[in-house]
Number of protein chains: 2
Amino acid sequence: MTGQAGTARRPTRQRAAIARALSGSAEFRSAQEIHADLAGSGTRVGLATVYRNLQAMATDGEVDVIRSPDGESVYRSCSTDHHHHVVCRSCGLAVEVTGDAVERWAEAVAAAHGFTQVRHTMEMEGLCPACTSSRQRGTVVRRPTQAPRRVVDG
Amino acid sequence: MTGQAGTARRPTRQRAAIARALSGSAEFRSAQEIHADLAGSGTRVGLATVYRNLQAMATDGEVDVIRSPDGESVYRSCSTDHHHHVVCRSCGLAVEVTGDAVERWAEAVAAAHGFTQVRHTMEMEGLCPACTSSRQRGTVVRRPTQAPRRVVDG
DNA sequence: ATTCACGATGAGAATCGTTGTCAAATGTGG
DNA sequence: CCACATTTGACAACGATTCTCATCGTGAAT
């Protein structure tokens, strides 16, 4: 189990490298990706160490974690730009959305229960316009292989 | 990948059993749990088949899927009671919350992008009242073993 | 500065949920 | 009822994550 106590965590070269790698990107990255990045930039860090530190940082609230559709845990440093996605479950089209409404709601609800330092993740999925009309016409052209195009939205 | 075509899916004893097992509970259940349940009730279905069907049903939008913190995919039939959670990342206390605000927001945003048949999941985590005050006093009494108490809220 | 105690690390094995393979069984259209 | 494509099931294969344990590094005490 991840040894964690009341004592402060000990600063190490590896921990710093991981934190740096994480803050370098606004995207969610997997432990393996981060490990590969570090290796690529000449920083030698054990894979297990990457996992342990990411977990620890998540526990301490320094990073956000969500599970990618593939089942990998993906991490992102907290302060980065916050947004959500709507993903088409047929073709994989992903649209980025932001909205103060949810943010405020989440905070309000959490606060109502006395929770502090609250973070949240939200995932929405449905059928995109194209796939919707395909199905209405009965011509289900499902695409097994997801080719997640990405469309950013204001 | 899971072979899926434009043709309608073929009804089978196994598929029916899985659907029944799923609709029997309002909770998210893992493929393995469902498989065990079926086996327990005398219905013999291969594990791979359970996985395949759950995936197919998810693709068709018949069930919701999310990843449990343990990394398992957990499924729930769509029509069941919809709510969210706020989980304490220190002690694991979980509070159920519901809110029309998010539901409406999610629908509105998705609709704005032309998406249909939209479903969503949302996860919130922070520090519960108890853990918040512990930390303020500097006495961090972190509990490594999560004992997720559950508190339902209106 | 040197020593100590203990958390942190790394390499590889072990775990375990999930997916792939392929022959046999089953549902459908004709 | 027949031919055929889909589905199933048993088991191997995969891959992300966790565990193990000897060794190393850090902060605190001396």
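Every chain is numbered from 1 and lettered A, B, ... according to where its sequence line falls, protein lines coming before strand lines.
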Per Gln14(A) side chain, nearest of listed nucleotides dT17(D), dC19(D), dT9(C): dT9(C)

Asp60(B) with Arg9(B): basic N within carboxylate O range, under 4.0 Å: yes

Presence of donor-acceptor pair under 3.5 Å, side chain of Arg10(B) and base of dT7(D): no

Parallel, tilted or perpendicular: ring planes of His84(B) versus His120(B), cut at 30 and 60 degrees: parallel

dT18(C) OP1/OP2 closer than 4.0 Å to side-chain N/O of Gln55(B): no

Distance-minimising heavy-atom pair for Val97(B) and His85(B): CG2-N, 4.4 Å

Donor-acceptor pair (no angle test) under 3.5 Å: Arg52(A) side chain, dG10(C) base: yes

Sugar-phosphate only, base, or nothing, as touched by Asn53(B) at under 4.0 Å among non-hydrogen atoms: sugar-phosphate

side-chain N/O Arg44(A) vs dA11(C) OP1/OP2, d < 4.0 Å: yes

Given DNA chain C, 5'-ward residue of the pair Pro11(B) and Gln32(B), judged by closest heavy atom: Gln32(B)

Thr49(B) side chain near dG9(D) phosphate (N/O to OP1/OP2, under 4.0 Å): yes

Of Ser73(A) and Arg13(A), the one whose closest DNA chain D nucleotide lies more 5': Ser73(A)

Under 4.0 angstrom between Tyr51(B) side-chain N/O and dT18(C) OP1 or OP2: yes

